[in-house]
Amino acid sequence: MAFGSPSSKAHSTSSTCHSLLRELQQIWTDIGESEVDKDRMLLELERECMEVYRRKVEEAANAKSRLHQSVAAKEAELATLMAALGEHNINSPIQSEKMSASLKEQLGLIMPLVDDLKAKKDERVKQFADIKTQIEKITSEISGSCNIVNSLSTLNLGEHDLSTRKLSECQSHLRALQKEKSVRVQRVLDSVNEVHTLCGVLGLDFGETVSNVHPSLHETCLGQYTNISDSTLEGLDQAILKLKTERKVRYQKLKDVAGSLFELWKLMDTTREERRKLSRIISFLDISESKVVEPSALTLEVIQQVSAEVGRLTKLKASRMKELVMKRRAELEDLCCKTHIQPDSSTAADKSSAMIDSGLVDPCELLANIEAQINKVKDEALGRKEIMDKIERWLSSCDEENWLEDYNLDHTRYSGGRGAHINLKRAERARITVTKIPGMVDSLISRTLAWENENQKLFLYDGVRLVSILEDYKVSRHQKEEDKKRARDQKKLQDMLLAEKESVYGSRPSPRRSNSFRKTNGFHTNGNGSVTPSPRRNSVGCATPELQTPRSYSGRQNTYFKEMRRLSTVPLNFVAMAKEDTMSFSSIGGSEPESPPQG
């Protein structure tokens with residue numbers, strides 16, 4: 001059945017009604033109804049039709065009212081959602097379409113928007129809920145509270161403001177809290193690691209130490225987090241300060257005990273094997289206390305072990321005190337011998353032994369006195385070093401001078417034997433050195449006098465004033481030069497007498513001694529027929545006296561230099577010399593070597 005337009009439908013309905021009305025009137029006529037009854041029944045029929053129309057109109061009006069209410073409710077809900085979500089650009093196109101649309105069309109336009117905004121609101125609420133859950137969790141961790149509220153009803157989401165601006169604010173707040181938590185977690189980890197290191201150094205229980213600050217720092221149960229509150233950080237700082245203080249105290253205590261141990265080791269001549277037992281334990285004492293991180297380095301057991309060793313060596317030292325005193329006195333004398341300083345006679349070995357045996361002095365005090373004397377000698381030797389170096393250079397030059405004199409006495413020095421050219425070069429250097437000796441002596445005297453004036457005491461060399469030794473050396477050297485000059489003059493006179501004698505009586509060969517019977521003075525054969533001079537020579541039997549030097553003084557130090565000022569000068573007796581021995585005078589003196597023979 002096809003449906004036409006509303007006007008065609010109304011016309012069709014009207015014709016149908018007229019057709020039915022005619023059929024009803026025909027039926028009434030056939031029945032024999034009166035006109036009055038017919039009019040009455042038609043009126044009732046008309047009234048019933050009106051009731052049906054009126055009911056339909058009311059139903060339509062009610063439906064329209066409900067649509068109006070639905071549209072208004074949805075518009076209100078839409079406005080609320082838009083305000084909560086901060087959406088302000090959706091309502092304008094709806095208003096333009098609403099003016100020309102029916103109620104159902106309007107409702108159809110609003111419903112999808114409301115559904116979309118509801119979905120967006122639910123998603124936004126979940127975001128806010130997640131962010132605020134994290135914020136409250138981090139806040140509770142920072143504050144140290146263990147009650148974390150997860151219920152959405154207690155989060156106070158503030159559904160009236162679910163805008164992106166509010167969401168950004170919450171996210172920024174969350175990031176700030178996360179950053180602060182990260183900083184606190186790192187501080188806690190660093191502090192816990194430092195506590196672990198300090199406990200390892202001191203030999204303390206790490207778990208007990210951090211558990212006293214907060215149990216979560218050692219072991220965390222399921223669902224429990226590491227406490228990062230201010231109280232925990234403060235507790236860790238206090239624990240670290242306490243451990244550092246204890247480390248400092250133990251380090252100083254061990255250092256003091258180890259100092260005594262080192263002294264006892266040195267005093268008792270402890271073997272390296274015995275020292276090795278504790279050397280590893282106290283090997284870190286040469287670094288600062290703050291850098292000690294080796295596990296078990298400062299435990300009470302270590303300190304007790306070192307203290308026990310100190311006690312054992314102290315008891316052993318008491319039984320060996322006399323031996324130690326004698327040993328340290330010998331070290332003092334050896335040091336004085338090397339530095340040419342006179343040792344203190346008050347602690348001499350015989351006196352010290354007698355005093356210890358008689359009980360007149362405490363061996364410990366005597367040992368301390370000797371130790372003080374050793375330190376004094378070391379300090380004095382340091383102040384004398386410059387002059388001692390000059391003395392060594394002077395003595396070395398004197399040795400070269402002695403070698404040169406012995407070299408000049410060797411008549412075979414110009415032979416072509418092995419090593420002759422080496423000795424010749426050394427002789428050239430020695431001659432240059434000998435020319436500098438007077439200047440060395442004068443410079444040494446000046447420096448020594450300046451030292452004495454500065455220190456207000458005499459500079460003693462093996463118990464004798466150095467200036468006196470140098471002055472004696474200058475006198476001895478001057479006398480030696482005079483003797484050389486007289487020897488040369490005597491030789492010239494003898495040559496002149498010999499020449500006159502030969503001119504009167506004629507020349508005749510004089511017998512000469514064989515070289516095989518000549519005694520070499522200060523030389524030794526080097527294996528190839530040539531003779532190499534020794535570095536020192538004996539002054540006995542020489543034509544010139546031996547010069548007095550500090551070495552010649554120190555050679556007699558056991559007699560405390562009683563003969564220091566005695567010059568070993570031997571007067572020359574040229575009259576007793578044989579004629580054939582006069583040739584040996586031709587090479588006396590380091591500055592006038594004999595010319596090589598002409599081939």
Side-chain angles (χ1 to χ4, degrees), residues 184-220 226-321 324 364 367-368 371-372 375:
R184 286 173 175 263
V185 168
Q186 188 61 44
R187 282 183 59 189
V188 169
L189 290 177
D190 293 341
S191 299
V192 169
N193 289 334
E194 188 170 2
V195 170
H196 185 271
T197 300
L198 291 171
C199 288
V201 171
L202 299 174
L204 301 177
D205 188 353
F206 165 73
E208 181 180 355
T209 302
V210 295
S211 295
N212 291 335
V213 178
H214 196 277
S216 66
L217 298 177
H218 184 224
E219 294 182 355
T220 55
T226 301
N227 191 281
I228 56 173
S229 62
D230 292 335
S231 60
T232 299
L233 292 173
E234 183 179 355
L236 286 172
D237 291 340
Q238 293 177 356
I240 291 173
L241 179 61
K242 182 179 179 181
L243 292 173
K244 285 184 176 180
T245 303
E246 181 66 18
R247 180 179 66 177
K248 186 175 182 180
V249 171
R250 292 190 185 184
Y251 178 86
Q252 188 60 44
K253 185 176 181 180
L254 182 59
K255 190 173 184 179
D256 295 339
V257 177
S260 302
L261 181 63
F262 291 147
E263 293 178 0
L264 289 170
W265 277 350
K266 181 179 179 182
L267 192 63
M268 305 293 289
D269 276 342
T270 306
T271 62
R272 183 174 299 178
E273 290 72 17
E274 293 180 359
R275 294 187 183 190
R276 190 178 294 115
K277 298 176 182 178
L278 294 177
S279 295
R280 186 191 62 82
I281 297 178
I282 56 180
S283 59
F284 59 86
L285 290 177
D286 55 345
I287 62 176
S288 62
E289 165 264 332
S290 59
K291 296 181 180 179
V292 178
V293 295
E294 183 179 354
S296 302
L298 295 174
T299 61
L300 294 176
E301 290 76 9
V302 169
I303 298 176
Q304 291 173 359
Q305 184 179 357
V306 178
S307 300
E309 181 66 12
V310 170
R312 185 185 71 83
L313 292 177
T314 302
K315 293 179 181 179
L316 184 61
K317 183 186 75 171
S319 62
R320 296 177 53 191
M321 188 54 67
L324 293 174
C364 293
L367 185 62
E371 292 288 349
N375 294 331

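Residues Leu298 and Arg247 approach most closely at CD1-CG, 3.5 Å, considering heavy atoms. Of all the heavy atoms in Cys199 and Asp205, the pair that sits closest is SG-O, 4.4 Å. Residues Ala297 and Val292 come closest through the heavy atom pair CB-CG1, 4.0 Å. When all heavy atoms are compared, the tightest approach of Lys244 to Glu289 is O-OE2, 4.0 Å. Counting all heavy atoms, side chain and backbone alike, Ile228 lies closest to Val185 at CG2-CG2, 3.9 Å. In plain terms, the two heavy atoms of Ser191 and Leu236 that are nearest each other are CB-CD1, 3.7 Å.
Remark: the Asn375 side chain and the Glu371 side chain contain no N/O donor-acceptor pair separated by less than 3.5 Å. No side-chain donor from either of Glu208 and Asn212 sits under 3.5 Å from a side-chain acceptor of the other.
For the side-chain contact (heavy atoms from CB on, under 4.5 Å) criterion with Leu202, the lone passing option out of Leu243, Leu300, Thr299 is Leu243.
One N or O on the side chain of Arg275 and one on the backbone of Thr270 form a donor-acceptor pair closer than 3.5 Å. Checking side-chain atoms of Arg187 against main-chain N and O of Leu233 turns up no donor-acceptor pair under 3.5 Å.
Taking 4.5 Å as the limit, every side-chain heavy atom of Glu194 sits out of range of all side-chain heavy atoms of Asp190. Taking 4.5 Å as the limit, some side-chain heavy atom of Glu234 sits within range of a side-chain heavy atom of Gln238. Annotation: side chain of Phe206 is not in contact with side chain of Leu198 (no heavy-atom distance under 4.5 Å).
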